[in-house]
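Written out below as structure tokens is the structure these notes cover.
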Amino acid sequence: MAVLICGGAGYIGSHNVFELIKAGEEVVIVDNLQTGHRKALNPAAKFYEGDIRDAEILDKIFTENKIEAVIHFAANSLVGESVQVPLKYFNNNVYGMQVLLESMVKHGTDKIVFSSTAATYGEPEKIPIEEDDKTFPTNPYGESKLIMERMMKWVSRANGIRFVSLRYFNAAGAIEDGSIGEDHSPETHLIPLILQVPLGKRECITVFGDDYPTPDGTCLRDYIHVIDLAAAHIAALNYLRKGGESNIFNLGNGKGFSVKEMIAAAERVTGQKIKTEIGKRRPGDPARLVASSEKARKILKWTPKFDDVEKIIETAWTWHKNHPDGYADR
Ligand code: UFG
């Protein structure tokens, strides 16, 4: 029996594929390579190039393989872009989920682990954020992921599919050997952008606002390593295999780091001074996003191994240093 990974050529998906194969799982990947990279594909996995909105390719995959469970990463995930072109997000993310669930029902696959996000909460009412806190997304990306969660909820009641939705906070880092890593185009995430300065690819890093109600005035985020995320997906899969009920879990380290603290940590890791300028706030950025992951720790027995932000940045640095142009270098 195989696990189908939708979006297995992407940043978080490819790290999950690596860990699943290491754990001895049979892996089948479907990815349209729109944002994923052919060079991030694991040769030990069976690969289908295709779009999850295409029911025919899903039919082919579910017919040619015995798919026991699905792990779903295939989605657009840029907050800013989602505000500009919301319909792209509703089409790819929401409609993609619909076709995927229809195929699962049709072919009798009854378990799904879903890549969700802290963006489902919007501006938090309290810190740390717990799974029962109010969900009020402030952008179409977060809204699309919340709708996808709700689709799974109703389908689970009607069709017996069980799901685990994992709401990640700030995914970061790379596999320790630096063989795969983060490569977005355009890049919008803080750590890769900071590291472009010591790589000589960028003059300086702009801090988006230093007048937030936080200790140093810059935004606080909860950075969680991709390999820890992968471990949580495997734990969620095994939880469903053991008959666990449909559930939602936050994934974070439970500690907030400011933008300025991240730049200082990157200076320590790279041994270089990182030129910084203060810019305007980026619209839609909450001041603080920090997870309570107590529920995942308790129920999934998940403990993040990379609980030190310097260690997280160090793994990202290994990847970027060896691949300054991302997968184009490989
Ligand atoms: N930042 C800067 N300068 C930059 C880039 C980012 O100061 O050049 C700041 C942002 O303002 C933010 C922090 O660094 O305060 C982290 O920004 P990222 O873009 O790396 O990450 P976000 O917190 O915006 O986004 C993450 C995930 C999204 C998810 C969101 C939830 O990447 O997928 O959390 O709100 F939707």
Side-chain angles (χ1 to χ4, degrees), residues 7 10-13 35 73-83 86 89 93 114-124 127-129 133 135-146 148-149 165-173 182-197 201-226 229 250-253 255-266 274-291 309 312-313 316 320:
Y11 169 45
I12 303 175
T35 54
F73 301 98
N76 291 113
S77 64
L78 299 177
V79 171
E81 182 191 57
S82 78
V83 178
Y89 282 70
N93 297 4
F114 174 56
S115 165
S116 190
T117 169
T120 52
Y121 294 108
E123 186 74 45
I127 295 292
I129 303 171
D133 288 358
T135 44
F136 199 80
T138 50
N139 54 66
Y141 165 63
E143 190 83 68
S144 72
K145 291 266 173 162
L146 188 59
M148 292 159 88
E149 286 189 351
S165 182
L166 299 173
R167 292 179 177 163
Y168 331 143
F169 282 61
N170 287 59
E182 191 167 7
D183 180 0
H184 296 114
S185 183
E187 188 52 79
T188 61
H189 295 101
L190 181 65
I191 296 175
L193 289 176
I194 292 176
L195 294 176
Q196 284 179 4
V197 182
K201 293 176 64 90
R202 164 181 298 271
E203 179 69 16
C204 71
I205 180 79
T206 306
V207 176
F208 294 151
D210 67 350
D211 56 352
Y212 284 95
T214 58
D216 67 14
T218 67
C219 290
L220 294 182
R221 292 289 181 274
D222 185 341
Y223 295 88
I224 181 77
H225 199 276
V226 269
L229 291 181
N250 287 340
L251 299 179
N253 266 307
K255 278 178 270 176
F257 289 90
S258 74
V259 176
K260 283 185 176 169
E261 284 173 328
M262 294 303 284
I263 297 168
I274 295 173
K275 196 171 161 207
T276 303
E277 67 173 21
I278 306 297
K280 287 207 292 265
R281 286 186 180 197
R282 186 170 67 178
D285 271 346
R288 297 187 300 163
L289 283 177
V290 181
V309 91
I312 293 177
I313 295 173
H320 290 292

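We count ligands from 1, going down the list as the structure has it; atoms in each ligand are counted the same way. The first residue in the sequence is number 1, and the count goes up from there. Below, all heavy atoms of this structure are taken into account, side chains as well, without hydrogens, waters or symmetry copies.
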Is Tyr223 in contact with ligand 1, taking contact as a heavy-atom separation below 4.0 Å? yes
Could you tell me if the side chain of Pro140 sits less than 4.5 Å from the side chain of Val83, heavy atoms only? yes
Do Met262 and Ile274 make a side-chain contact, defined as non-hydrogen atoms from C-beta onward lying under 4.5 Å apart? no
Other residues, nucleotides and ligands only: do more than 12 of their heavy atoms fall within 6.0 Å of CD on Glu203? no
Using a strict 4.0 Å cut-off to heavy atoms of Val207, name the atoms of ligand 1 that fall inside it. 7 (O)
What I'd like to find out is whether the side chain of Val259 reaches to under 4.5 Å of the side chain of Phe208, using heavy atoms alone. no
Which atoms of ligand 1 have any heavy atom of Val79 under 4.0 Å away? 36 (F)
Nearest to atom 2 (C) of ligand 1, what protein heavy atom do you find, and at what distance? Phe208 CD1, 3.4 Å
Any atoms of ligand 1 less than 4.0 Å from a non-hydrogen atom of Leu289? List them with their elements. 31 (C), 35 (O)
Please indicate whether any nitrogen or oxygen in Leu193 is less than 3.5 Å from any nitrogen or oxygen in ligand 1. no
Got the closest protein heavy atom to atom 9 (C) of ligand 1, with its distance? Val259 CG2, 3.7 Å
Which residue and atom name correspond to the protein heavy atom nearest atom 19 (O) of ligand 1, and how close is it? Arg282 NH2, 3.0 Å
Got a donor-acceptor contact below 3.5 angstrom from the Asp216 side chain to the Thr218 backbone? yes
Residue of the set Asp133, Thr138, Asn250 for which side chain to side chain donor-acceptor pair (under 3.5 Å) holds with Tyr121: Asn250
With distance as the sole criterion, is a donor-acceptor pair present between the side chains of Tyr141 and Glu81 under 3.5 Å? no
Min side-chain heavy-atom separation Leu166-Ser116 under 4.5 Å: no
Taking atom 15 (O) of ligand 1 as the reference point, the nearest protein heavy atom with its distance: Cys219 CB, 3.0 Å
Thr206 contact mode with ligand 1 (heavy-atom cut-off under 4.0 Å): backbone
4.5 Å side-chain heavy-atom contact, Pro124 and Pro286: yes
Counting each atom of ligand 1 from 1 as listed, which ones have a heavy atom of Ala119 under 4.0 Å away? 31 (C), 36 (F)
Is His189 touching ligand 1 with its side chain, its backbone, both, or neither, if touching means heavy atoms under 4.0 Å apart? both
Just wondering, do Glu149 and Thr117 contact through their side chains at under 4.5 Å, heavy atoms? no
State, with a plain yes or no, whether a side-chain heavy atom of Val197 is found less than 4.5 Å away from one of Ile263. no
So which protein heavy atom does atom 21 (O) of ligand 1 come closest to, and at what separation? Asn170 ND2, 3.1 Å
Of all the non-hydrogen atoms in the protein, which one sits nearest to atom 33 (O) of ligand 1, and at what distance? Tyr141 CE2, 3.6 Å
Could you identify the single nearest non-hydrogen protein atom to atom 20 (O) of ligand 1 and state the distance to 0.1 Å? Leu190 N, 2.8 Å
Any side-chain heavy atom of Glu143 sitting closer than 4.5 Å to one from Tyr89? no
For ligand 1, which atoms have a heavy atom of Ile205 less than 4.0 angstrom away? 8 (O)
Students should be able to answer this: which protein heavy-atom is nearest to atom 11 (O) of ligand 1, and at what distance? Asp285 OD2, 2.5 Å
Atoms of ligand 1 under 4.0 Å from any heavy atom of Thr117, numbered from 1 in the order shown, are 29 (C), 36 (F)
Going by the order shown, which atoms of ligand 1 are within less than 4.0 Å of some heavy atom of Thr188? 5 (C), 19 (O)
